[in-house]
Every structure is written in C-alpha cells, then in structure tokens.
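As structure tokens, the structure follows; a few thoughts come after it.
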Amino acid sequence: MKGNIEIANYKEQELIDYSNNPYIEALPHIFSDEEVLEQFSRYPIIQDNERIKSKNLRFHMIKRLKNFILPLPDHFMIENKLSSMIRRGYLARNPLDKTYIERLKILNDLHSAKKDEREELLRSNMEHIRSTADSLSIIGISGIGKTTAIERLLLMYPQIIKHEEYKEKPLSRTQIVWLKIDCPYDGSLSTLCKSFFKAIDDLLGTRYLEKYGYLNRITSSMMLHMTSLASIYGIGILVIDEIQHLINAKNDPEEMLNFFVTLTNTVGIPTVLIGTFKALKVFKKEFRQARRAGSEGNIIWDRMSRESEEWEIFIETLWEYQWLKNKTELTLEMRDLFYDQCQGITSVAVNLFILAQERALNTDSEKINKSIIEKASQEDLHMIQPMIKALRSNNRTEIGKYEDISINLDEALYKHKRNIYIAGKIKEMAKHQEKYLEIKRSNMEENLIIDVNELGIFDELTEKDIESLVKKVVGKFGVDDDYNIIKTTAIKRAIQTNEEKKIKKESTDKASYKENDLRKIYQLAKKKKIYVYEMLKQKGYIKNPVEEFFKVE
C-alpha cells in the first residue's frame, strides 16, 4: 500500500502546541467528522437502468460491492486517535529543535559501539530525551474490517512530504508520515525489522534492507538502525498488522512486548499494533495491567450485535445495492436471517450479499429470498460455517477452538462502548447520501460543461449539445472517480460528436437538388460567397422594389 507524495504546504495551526513544527504544519488540517465520513466512505455506483441490463453484465456490476465501505463509530474513534498520535509523536522530534540534532548525534556515536552493548547504550543515552510517542493496540475478530479501516484512514494523509524551505530558510527533509508493515508468517522479530527496511526501500528507492538487514542478524543492531531511519525521515506513525503471527514457540511474549515498548519509547515512533484475538496472548499480563500494550488505549473490536444501531445502519445501507430486476425489501425477518448467517461480521455480510444476488440472478424471479440466502451461506461459504456456528451458539468452549475469532472476555478490560452520538450522525447522513451524491454529481457536470465550452473548438455543438453530452459521460463514472479522466473522456466524446455533425452537415450540403429548389440556390450562394438575398434576386425570386413600384411610363 502506497500513499501520495506531496511538497510541503505549511498551514497555520489552531493549537499552539503544534505551531513552529514543520513536520506538523505540513500535515492536512485536523479532520472533522463530516470530512472523515466523506473520505472514508465507499459506496458502489448503481443506476436504475442497470437493473434491466443483461445478466452477464449485472454479474460484474454486483462485484462493485467488494469496494463497499461504510463508516461506523469505531472508525471515527480510531481516526481521532491516529490524528492525535501522529501530531503528538512529532512534538519531541521537531527538526528545528536542538534535541533533534542531539538525537542524531547519539545515534551516530552508537554505531561505533560494540554490537552487544548497543541496546543498553541506546536506552541509557535516550532516557534524557523525551519521547511523545504513543502506542495503540487494535484487537478484533477476523473479517471485521480492521486492516481496511486503518488503510482507508492512513490514505487520508500523504505518505511522503518533501520539505525544501520553511519560513524562508532552507529545510531539506523527506518526511514519511506513515508506514504500514505486516508481521512475517515465521513470527521472527528479526524478519519484522527487515520488513521495516524493505518498506522504506520500496518508498524511496533506497537499499537499507541490503545494508542493515542482510548484514545484521542481531535484533538490537537492527533496532538501532530503525531508530536512525525513524529520526532521519521523521516517520509519523508505524502500523504493524497481523501481530498474531508472532505467537509461536520461538518467541517469548515478554521479549516481544519489550520490543514494541522500545520501538515506541526509544525509537520514538508512535505505533499501532493490529491483530486477531489470538494476539491477546502477547499482552496477557499487560492487558490486565492496562498499560504497556498501548499508552493510547486498547481497542477490542468485536462483531456488531444483532440489536445494535450500527448493524441497523450497515444492513439498511448495504441492502440498497441490488442489481436484480425485482428488489427484495428488508423486513425484520430478513434482517434477522441475514444476521444469523453472518453474525455481524462485515466482510462475511458483504460477501454473502454478493453471493445471494449471484444466485438470484440465475432464477426466473430474480429476487432474493430466505432459501437463496441460506443456500449461499451453507454452500458458497461452507468453509467458515464451523466458525459461524460457534459464534451463533455463544458457546465459549466452541468459540475457543477458532483462535482468530476467539473473544476472551477475561483478558479484555472492557468492551468498547458504542458512540451513540456518532452512530446517530452517520445514520442521519446516510439518509441524505443520495442527495449528497446528487449534488456532487451536479457540481462535476457544471464544471465539465464550463471546461468543455471554454475550449472553443466545437463549432458544430450548441451549449445544449455539450450539456447533454457531459451528463451522459458523468453518468458512466462514480462521483469519486478522477476528474481529469472524466474530463478527458468528455472531450474525446465531444470531438467525436462534433466531427459526426460536421460530416452530416457536409453530406447534407452536397445533396443533389433540382435547379429550382431553394436549397440549391442556398448552396450556390454559399459557393459564390454572396448573400442568399442577392442570389434569390438573380434567380427572379425577389423583385427590385424600385422597379416594381415606381415603373417609368
């Protein structure tokens, strides 16, 4: 996953804490709930006329649901935490501050120390340099959307910011705002460090993996180099996904926890750890102490409950996207049946809805019913049926057999309390989503009409022609698609239509008319480049008024 690269554009900060820090000032402003909703959401495009298209085309249209993302209360809470962690992490790493240079000097001196002494020297030398980095752990059931949510939220920020000048003074820095890596399947901390080097290499075209990864097999040595790179490139936040892979016989949970604590406190990078409930074993003791696993808090991300407001919002929104000729209404019975088959897991719900529509597409009625949903679940999703059955039963012994979905209430300090205010806001805004999309599409059409008209090269097209053409083109795209691509398509279509009209006109002009046909006279006047009036006079269709009314006797 790669984000955008931007040239630093410094913004005045509303909070004095964040002022005079180029790393913070170059970030986007702090997002409002409405902006998170707009940028996070992904609604498939569906038009009424698509429901009457051929089945083979609609089979592909249904797949658009794969990109369906609906913001829920958890997403807003995580965005707030990420926003705060990134900015607070930079408070102690201001490139204009003297401690920044001091940190780099300490790290440079440590490279000459003996390898087995580096870890202790790193800790002792960095103790007096404060760290404002926080950590966050997100533990949740598989398929609930943890990774998707984090990636969507990270992409709201540029990944790389290039600094050249700050307040009229040179500032040559490359800032990596966020970095996301996955835990290796072999569960090795050494391999995890190498993943860090490779991620930077992939972004910047450097060779740190070759330089620091392959030549060093000691984790503490690689940690030192990670610290140096984190300081040099001003890494804003490090996200480590799939941490449950670290659970194996080779790793000591205490050693792993120390690794993550050092990463945050000494390396100074705010860290987000993401994993399934299996990962709770890493933090067993520390979760009870409610501290070291995450200074910014630990989010236990469970499935949606049957009676929750977020499930109601989710299923009502999802249910609107049906590409079948006969739409099935979402009754209470249908909602309960659907929950029973997906158990409030978002990815299962979306996939089940896709599979149910594909099955219904091959029936005469083309309508989702109870039987189709049950068959899609039992036959198409048969691999996950044991897990769904375990969740449905609420039998903790059965649930415990599937570690990726296990919900160990004894080890979790609290179940995240739903934010009813945010849920209400989402529901209200979701109701107006259609109106919002309509306004956004209308604005796009207006801008395109102006842009196409301003080209001034379509002499055969009227403003009404261009308006009609633009609306047709925009209708084939989504409101979030790249404007330049839509504009290019509209211009190509306008050129084609203009050319077609020109050819048709020329064909009409060249048509064969009888000698006394007025259209023949019109053609002749154009050819001789004289007024049609004069030609009509020459042919005797118009008499000279002076001669006609004032005849000389």
- Message: Ring-plane angle category for Phe31 and Tyr157, please: parallel below 30°, perpendicular beyond 60°, tilted otherwise.
- Response: perpendicular
- Note on the structure: To the nearest 0.5 Å, atom OG of Ser172 lies from atom CD of Glu165 at 11.5 Å
- Message: Assess the residue pair Lys180 and Asp241 against the criterion (salt bridge (charged side-chain N to carboxylate O under 4.0 Å, His left out)); give the C-alpha distance rounded to whole Å, side-chain angles, the decisive distance to 0.1 Å, and a yes or no.
- Response: CA-CA 7 Å; Lys180 180 180 177 293; Asp241 202 355; 3.6 Å; yes
- Check whether any side-chain heavy atom of Ile30 lies under 4.5 Å from a side-chain heavy atom of Glu14, and answer yes or no. no
- Electrostatic pair Glu467:Lys472 at N-O distance under 4.0 angstrom: no
- For Gln13 against Tyr18, the heavy-atom pair lying closest together: CG-O, 3.4 Å
- At what distance, to the nearest 0.5 angstrom, does CG of Asn94 lie from CG of Asn20? 8.0 Å
- Query: Is the side chain of Arg493 donor-acceptor paired with the backbone N or O of Leu469 at a distance under 3.5 Å, no angle test?
  - Reply: no
- Do Leu273 and Ile138 have side chains that get closer than 4.5 Å, going by heavy atoms? no
- Message: Walk me through whether Lys487 and Asp451 qualify under side-chain contact (heavy atoms from CB on, under 4.5 Å).
- Response: CA-CA 8 Å; Lys487 181 179 175 181; Asp451 287 347; 3.9 Å; yes
- Answer yes if the side chains of Tyr166 and Glu25 hold a donor-acceptor pair under 3.5 Å, and no otherwise. yes
- Message: Between Thr317 (side chain only) and Ile313 (backbone N and O only), is there a donor and an acceptor less than 3.5 Å apart?
- Response: yes
- Task: Starting from the C-alpha separation in whole Å, work towards a yes-or-no answer on side-chain hydrogen bond (donor to acceptor under 3.5 Å, both in side chains) for Glu242 and Gln244.
- Result: CA-CA 5 Å; Glu242 308 290 357; Gln244 68 275 5; 2.5 Å; yes
- Query: For Leu57, does the CG atom sit with more than 12 other heavy atoms under 6.0 Å from it, leaving out its own atoms?
  - Reply: yes
- Would you check, one step at a time, whether the test side-chain hydrogen bond (donor to acceptor under 3.5 Å, both in side chains) holds for His29 with Glu35? CA-CA 11 Å; His29 61 267; Glu35 288 171 320; 2.9 Å; yes
- Have Arg152 and Thr148 got a donor and an acceptor in their side chains that come within less than 3.5 Å? no
- Query: Arg303 and Trp311: side-chain contact (heavy atoms from CB on, under 4.5 Å), yes or no, with the steps?
  - Reply: CA-CA 9 Å; Arg303 56 192 169 130; Trp311 167 250; over 6 Å; no
- Message: Less than 4.5 Å apart, side chain to side chain, heavy atoms only: is that true for Leu65 and Leu318?
- Response: yes
- Give the minimum heavy-atom separation between Ile46 and Glu50, together with the two atoms involved. CA-OE1, 3.5 Å
- Message: I'd like to know whether the aromatic ring centres of His75 and Trp301 sit less than 6.0 Å apart in this structure.
- Response: yes
- Task: Supply the atom-to-atom distance Leu27 CG to Asn21 CG, rounded to the nearest 0.5 angstrom.
- Result: 8.5 Å
- Okay, side chain of Glu79, backbone of Val36: is any donor-acceptor separation there less than 3.5 Å? no
- Side-chain heavy-atom pair His163, Thr174 within 4.5 angstrom cut-off: no
- Query: Is any side-chain heavy atom of Asn453 less than 4.5 Å from a side-chain heavy atom of Leu455?
  - Reply: no
- Can any side-chain N or O of Arg51 pair as donor or acceptor with the backbone N or O of Gln322 at less than 3.5 Å? yes
- For Pro28 and Lys11, which heavy atoms make the closest approach, and how far apart are they? CA-CE, 4.1 Å
- Do Ile176 and Leu203 have side-chain heavy atoms sitting under 4.5 Å apart? yes
- Query: Parallel, tilted or perpendicular: which fits the ring planes of His225 and Tyr212, with parallel below 30° and perpendicular above 60°?
  - Reply: parallel
- Message: Counting C-beta onward and ignoring hydrogens, is there a side-chain heavy-atom pair between Leu238 and Pro270 closer than 4.5 Å?
- Response: no
- Step-by-step ring-ring contact (aromatic ring centres under 6.0 Å, His included) determination, Tyr23 to Tyr90: CA-CA 7 Å; Tyr23 281 165; Tyr90 281 134; 5.1 Å; yes
- Message: If we ignore hydrogens and angles and just use 3.5 Å, is the side chain of Ser41 paired with the main-chain N or O of Leu70 as donor and acceptor?
- Response: no
- Message: Could you report the tightest heavy-atom contact between Tyr233 and Thr206, atom names first, then the distance?
- Response: OH-CG2, 4.2 Å
- Query: Out of curiosity, Gln39 CD to Leu153 CG, how far, rounded to the nearest 0.5 Å?
  - Reply: 10.0 Å
- Find the distance between CD1 (Ile237) and CG (Asp134) and round it off to the nearest 0.5 Å. 9.0 Å
- Is Arg58 reaching over with its side chain to a backbone N or O of Lys53, donor-acceptor style, under 3.5 angstrom? yes
- Flag the pair Trp319 / Phe353 as yes when their ring centroid distance falls below 6.0 Å, and as no otherwise. yes
- What distance do Ile274 atom CD1 and Glu151 atom CD have between them, rounded to the nearest 0.5 Å? 8.0 Å
- Message: Pair Ile161, Val177 - check side-chain contact (heavy atoms from CB on, under 4.5 Å), show working.
- Response: CA-CA 7 Å; Ile161 299 176; Val177 179; 3.7 Å; yes
- Message: I want to check something: taking the side chain as every heavy atom from C-beta on, are Tyr43 and Tyr321 in contact at a cut-off of under 4.5 Å?
- Response: yes
- Message: Between Asp201 and Tyr208 (side chain of the first, backbone of the second, donor and acceptor by atom type, cut-off under 3.5 Å), is there such a pair?
- Response: yes
- Task: Answer yes or no: is there a donor N or O on one side and an acceptor on the other, between the side chain of Gln159 and the main chain of Trp178, under 3.5 Å?
- Result: yes
- Please assess Ile495 against Lys492 for the test side-chain contact (heavy atoms from CB on, under 4.5 Å), listing each intermediate value before the final yes or no. CA-CA 5 Å; Ile495 291 171; Lys492 285 180 180 177; 5.6 Å; no
- If every non-hydrogen atom of Gly145 is compared with every non-hydrogen atom of Thr346, which pair is closest and at what distance? N-OG1, 4.0 Å
- Task: Verify, without hydrogens or angle tests, whether Ser84 (side chain) and Asn80 (backbone) share a donor-acceptor contact under 3.5 angstrom.
- Result: no
- Message: More than 12 heavy atoms of other residues, nucleotides or ligands under 6.0 Å from CD of Gln47: yes or no?
- Response: yes
- Message: Quick check against the 3.5 Å criterion: does Lys471 have a side-chain atom that pairs as donor or acceptor with the backbone of Glu445?
- Response: no
- Message: How close do Ala149 and Phe40 get, counting heavy atoms only, and between which atoms?
- Response: O-CE1, 3.6 Å
